> 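First the structure, which I've put down as structure tokens, then a few questions once you've had a look.
Treat the numbers as computed from the prediction; the structure is a model and nothing was measured.
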Amino acid sequence: MILTSEFFFNKHTSWKNYLNTALSKPIITVRLIKRDELPQLLVLYNHLNPVDAPLPANDVLQSIWDGILHDPRLYYIVADVDNQLVATCNLTIVPNLTRGARPYGIIENVVTHLDFRQQGFGTKVLHYALALAWQQQCYKVMLLSGSKNEETLHFYEKAGFKRGLKTGFVALPPEEL
């Protein structure tokens, strides 16, 4: 059987329309963050904590960022749509002396831009983080969520996390007097 253009296109579709549609589709990449993307990351974090504590001065912030980027145990994963960061999470690999001296991972700061939710970007960054953890021979990866929203918790379960295997506790520093 010989496939012709008529097989792929009906009489109302032209090659030009097809190419315009194909070329206008966004380019989606899931990857590690780049040094110069800190401003975009901070904008994305506004969708995580709109009323967060103020950040330190730019020189201090850049020094912290450089330390993060040079730490081989810290990974900042992003979903990039046409050069705009739309989702992120970070993975920390923790060395360990139990479980055959295998490390474990902790995922934090999972967020997707409000305009890009329900499109799979959060799941993609979580799967990328899990793949990195498994490459590092982690025996488990933990994630805490402050959300009580059942839809959010189900999102994490669909991404591969199991609820109820452990009980999480959080200690906060005492308030300054």
> Apply ring pair (Phe, Tyr, Trp, His ring centres under 6.0 Å) to His47 and list each qualifying residue two or more places apart in sequence or on a separate chain.
His113
> Connecting only ILVMFWY residues whose side-chain heavy atoms lie within less than 4.5 Å of each other, what is the rest of Leu97's hydrophobic cluster?
none
> Is it true that, when you exclude Arg99 itself, more than 12 heavy atoms of the residues, nucleotides or ligands shown sit nearer than 6.0 Å to its CZ?
no
> Output, in order, the C-alpha distance, side-chain angles, deciding distance and verdict of side chain to side chain contact (heavy atoms under 4.5 Å, CB included) for Lys140 and Lys166.
CA-CA 12 Å; Lys140 70 177 176 183; Lys166 301 229 176 197; 3.3 Å; yes
> What distance separates Cys89 SG from Lys124 NZ, expressed to the nearest 0.5 Å?
13.5 Å
> Looking at Glu157 and Arg163, does any basic side-chain N land under 4.0 Å from a carboxylate oxygen?
yes
> So if you build clusters from Ile, Leu, Val, Met, Phe, Trp, Tyr with side-chain heavy-atom gaps below 4.5 Å, do Leu32 and Leu42 land together?
no
> If you look at every heavy atom in Leu44 and Thr112, which pair is closest and at what distance?
CD1-C, 4.3 Å
> Would a distance-only check, ignoring hydrogens and angles, find a side-chain to backbone donor-acceptor pair under 3.5 Å from Thr88 to Ile77?
yes
> Keeping the roles fixed (side chain from Glu108, backbone from Asn90), state whether a donor-acceptor pair exists under 3.5 Å.
no
> For the residue pair Val125 and Gly122, what are the closest heavy atoms and their distance?
CG2-O, 3.2 Å
> When rounded to the nearest 0.5 angstrom, what is the spacing between CG in Leu143 and CG in Leu91?
10.5 Å
> According to a 4.5 Å side-chain heavy-atom criterion applied to Ile, Leu, Val, Met, Phe, Trp and Tyr, with indirect links allowed, do Tyr128 and Leu74 form part of one hydrophobic cluster?
no
> With hydrophobic residues grouped by side-chain heavy-atom distances under 4.5 Å, do Leu85 and Val110 end up in a single group?
no
> Please output the side-chain donor-acceptor pairs of residues 58-73 that fall under 3.5 Å, not counting sequence neighbours, one pair per line with the distance.
from	atom 1	to	atom 2	distance (Å)
Gln62	NE2	Asp66	OD1	3.3
Trp65	NE1	Arg35	O	2.9
Asp66	OD1	Arg35	NE	2.7
Asp66	OD1	Arg35	NH2	3.1
Asp66	OD2	Arg35	NH2	3.0
His70	ND1	Asp66	O	2.7
Asp71	OD1	Arg73	N	2.9

> Taking all non-hydrogen atoms of both residues into account, name the closest pair between Pro103 and Gln137 and its distance.
CD-O, 3.7 Å
> Report yes or no: does Asn49 contribute a side-chain atom to a donor-acceptor pair with the main-chain N or O of Val51 at less than 3.5 Å?
no
> If you measure from CD1 on Ile107 to OH on Tyr75, what distance do you get to the nearest 0.5 Å?
12.5 Å
> Check which hydrophobic residues are tied to Phe121 through side-chain heavy-atom contacts below 4.5 Å, counting indirect links as well, and list them.
Ile28, Val81, Val86, Phe116
> Which residues, ordered by chain and number, are linked to Tyr104 in its hydrophobic cluster, where ILVMFWY side chains connect at heavy-atom gaps below 4.5 Å, directly or through other members?
Val94, Ile106, Tyr139, Met142
> May I ask you to say whether Arg31 pairs ionically with Glu37, meaning some side-chain N is under 4.0 Å from a carboxylate O?
yes
> To the nearest 0.5 Å, how far apart are CZ in Phe155 and CG in Leu153?
11.0 Å
> Taking a hydrophobic cluster as the set of Ile, Leu, Val, Met, Phe, Trp and Tyr residues connected by side-chain heavy atoms closer than 4.5 Å, whether directly or through intermediates, do Tyr76 and Leu48 fall within one such cluster?
yes
> Just how far is it from atom NE2 of His127 to atom CG of Leu132, taken to the nearest 0.5 Å?
13.0 Å
> Ignoring hydrogens, what is the shortest heavy-atom contact between Lys162 and Leu165? Give both atom names and the distance.
CB-CD1, 3.6 Å
> Is there a side chain to side chain contact (heavy atoms under 4.5 Å, CB included) between Asp52 and Tyr45 once you walk through the steps?
CA-CA 9 Å; Asp52 208 356; Tyr45 280 167; 5.8 Å; no
> For Ile27, what residues pass the side chain to side chain contact (heavy atoms under 4.5 Å, CB included) criterion, not counting sequence neighbours?
Thr29, Asp82
> Under a 3.5 Å cutoff, is there a donor and acceptor pairing between the side chains of Thr98 and Asn96?
yes
> Working to the nearest 0.5 angstrom, can you tell me the gap between Leu144 CG and Phe169 CZ?
11.0 Å
> Can you check whether Val78 reaches Val30 side chain to side chain, under 4.5 Å on heavy atoms?
no
> If every non-hydrogen atom of Ile93 is compared with every non-hydrogen atom of Ala133, which pair is closest and at what distance?
CD1-CA, 4.1 Å
